[in-house]
Asker: 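My questions will all concern the structure given below.
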Protein chains: 2
Amino acid sequence: MNSLANISEPSAPASGCCAPDVLSRGLFALAHPARIEILRYLSGVDYCCCKDVVCRLQLAQSTVSQHLKILLEAGLVRMSPQGQRSRYAVDREALLALSGAVGGLLNACAARADENGREI
Amino acid sequence: MNSLANISEPSAPASGCCAPDVLSRGLFALAHPARIEILRYLSGVDYCCCKDVVCRLQLAQSTVSQHLKILLEAGLVRMSPQGQRSRYAVDREALLALSGAVGGLLNACAARADENGREI
DNA sequence: ATCGTTAATCGTCGATATACGATGAACAAG
DNA sequence: CTTGTTCATCGTATATCGACGATTAACGAT
């Protein structure tokens with residue numbers, strides 16, 4: 001279906017590691033309490049600036065900026081400079097896409113595909 | 001609903017970091033291509049031993065054992081010693097629970113809760 | 001008892017994550 | 001122009017991850 005549907009390559013687990021695909025990237029971005037909290041906060045407002053998040057979480061501004069960058073690079077959050085501030089907002093479509101991809105993967109694994117070859 | 005439904009604490013972002021809750025742990029376990037591959041493989045068989053996974057992925061036995069341990073500690077996989085082997089199998093209920101938790105979180109964030117206070 | 005297989009663990013090493021303070025750039029306001 | 005605010009980035013320190021080889025334990029088979 002979409003690009004998020006069939007990830008995590010079937011072969012090519014080369015030397016060091018497997019390729020960090022889009023799904024893994026999204027999951028990694030989600031796999032930190034602070035970033036989950038940021039996402040939940042962002043989802044409750046139309047947009048906000050970095051400072052708002054800093055006031056919300058008890059983290060240094062640079063740390064929050066880093067977390068926002070990770071969410072940004074994972075495509076879960078959008079940003080547009082707004083004067084000296086930055087407008088951060090969740091990308092609701094991306095969240096839905098990730099939700100679908102993760103749900104598809106987990107439900108397929110839980111549903112016991114008849115043989116392993118089944119792509120989700 | 002279940003214990004996985006409402007995680008990621010609303011407050012208490014203490015000093016160093018936020019508490020690594022169950023959801024974050026599950027997401028982290030999922031956020032690696034090799035572990036995704038292991039999950040998908042496990043889901044296609046009733047059970048298997050570590051060696052089977054080693055043959056499937058191109059990773060050292062110790063590395064696979066580590067990944068299995070992470071999946072185990074995240075509760076996504078079950079294990080029971082079977083002679084000199086180990087029977088590994090996906091915990092399909094846990095996968096469904098995690099799927100529900102992640103889906104709930106992401107869909108709630110995508111759906112724009114009226115105010116931030118809304119728990120998913 | 002010995003050997004081979006399997007798997008868990010230990011120790012190590014490089015890469016990365018996560019946190020922070022400090023710095024610098026961009027901009028608004030005076 | 002100067003000042004204050006906001007934010008991204010840099011540099012750094014610490015912790016953890018992810019990979020591996022080596023070792024050890026448990027077990028089956030001979």
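Residue numbers start from 1 in every chain, and the chains themselves are labelled A, B, ... in the order their sequence lines are given, proteins ahead of strands. We use all heavy atoms of the structure for the numbers below, so side chains are in, but hydrogens, waters and symmetry mates are not.
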Asker: Kindly indicate whether the side chain of B:Q61 and the base of C:dA8 share any N or O donor-acceptor pair separated by less than 3.5 Å?
Answerer: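 Yes, a donor-acceptor pair under 3.5 Å.
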Asker: Please walk me through it: do A:D52 and A:Y41 pass side chain to side chain contact (heavy atoms under 4.5 Å, CB included)?
Answerer: CA-CA 10 Å; A:D52 296 335; A:Y41 172 62; 3.5 Å; yes
Asker: Can you tell me if A:Y88 touches the phosphate of D:dT6, counting only side-chain N or O atoms and a distance under 4.0 Å to OP1 or OP2?
Answerer: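 Looking at the OP1 and OP2 atoms of D:dT6, neither is under 4.0 Å from any side-chain N or O of A:Y88.
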Asker: Any side-chain N or O of A:R35 below 4.0 angstrom from OP1/OP2 of C:dT18?
Answerer: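 Yes, A:R35 has a side-chain N/O under 4.0 Å of OP1/OP2 on C:dT18.
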Asker: Between C1' on D:dT16 and CZ on A:F28, what's the gap in Å once rounded to a whole number?
Answerer: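 The distance from CZ of A:F28 to C1' of D:dT16 comes to 11 Å, rounded to the nearest Å.
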Asker: In whole angstroms, how far is the P atom of C:dT9 from the CD1 atom of B:I70?
Answerer: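 Roughly 13 Å, once rounded to whole Å.
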Asker: Any idea which of D:dC10, C:dA7, D:dA19 is nearest the A:S62 side chain?
Answerer: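 Looking only at side-chain atoms, A:S62 lies closest to D:dC10.
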Asker: Heavy-atom distance under 4.5 Å between the side chains of B:L71 and B:V90, does that happen here?
Answerer: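 Heavy-atom side-chain distance check fails, nothing below 4.5 Å.
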Asker: Rounding to an integer number of Å, can you tell me how far A:K69 NZ sits from C:dA19 P?
Answerer: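 Interatomic distance, NZ of A:K69 to P of C:dA19: 16 Å.
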Asker: State whether the distance check finds a donor on one side and an acceptor on the other, under 3.5 Å, for side chain B:T63 versus base D:dG18.
Answerer: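 Result: no qualifying N/O pair found.
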Asker: Does NZ or CZ of B:R35 come closer than 6.0 Å to the centre of the six-membered ring of B:F28, within 45° of the ring's axis?
Answerer: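 The answer is yes; both the distance and angle limits are met.
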Asker: With the side chain of B:H67 defined as its heavy atoms from C-beta on, choose the nearest nucleotide among D:dG18, D:dA19, C:dA19.
Answerer: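 Closest of the options to the side chain of B:H67: D:dA19.
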Asker: What distance do B:L42 atom CG and B:E37 atom CD have between them, rounded to the nearest 0.5 Å?
Answerer: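 Separation between the atoms: 10.5 Å.
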Asker: Nearest-Å distance, CZ (B:R87) to P (D:dC27)?
Answerer: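 So the two atoms are 16 Å apart, to the nearest Å.
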Asker: Measure the distance from NZ on A:K51 to P on D:dA8 and round it to the nearest whole Å.
Answerer: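 Between P of D:dA8 and NZ of A:K51: 14 Å.
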Asker: Could you tell me the separation between the CG atom of A:L72 and the P atom of D:dA8, rounded to a whole number of Å?
Answerer: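 Rounding to the nearest Å, CG of A:L72 and P of D:dA8 are 9 Å apart.
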Asker: Work out which heavy atom in B:L76 is nearest to a heavy atom in B:A29; give both atom names and the distance.
Answerer: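 What the structure gives for the nearest pair is CD1-CB, 4.2 Å.
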Asker: Can you tell which of C:dT5, C:dA22, D:dT6 lies closest to the side chain of B:Q84?
Answerer: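 Closest nucleotide to the B:Q84 side chain: C:dT5.
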Asker: Atom CG of B:L68 to atom C1' of D:dC17: distance rounded to whole Å?
Answerer: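 My rounded result for the distance is 16 Å.
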Asker: If I take atom CG in residue B:L59 and atom P in nucleotide D:dC17, what distance separates them, rounded to the nearest angstrom?
Answerer: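 Checked: the CG to P distance equals 17 Å.
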Asker: Specify the residue among A:D52 and B:Q66 whose closest nucleotide of DNA chain D lies further upstream toward the 5′ end.
Answerer: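 Final value for this comparison: A:D52.
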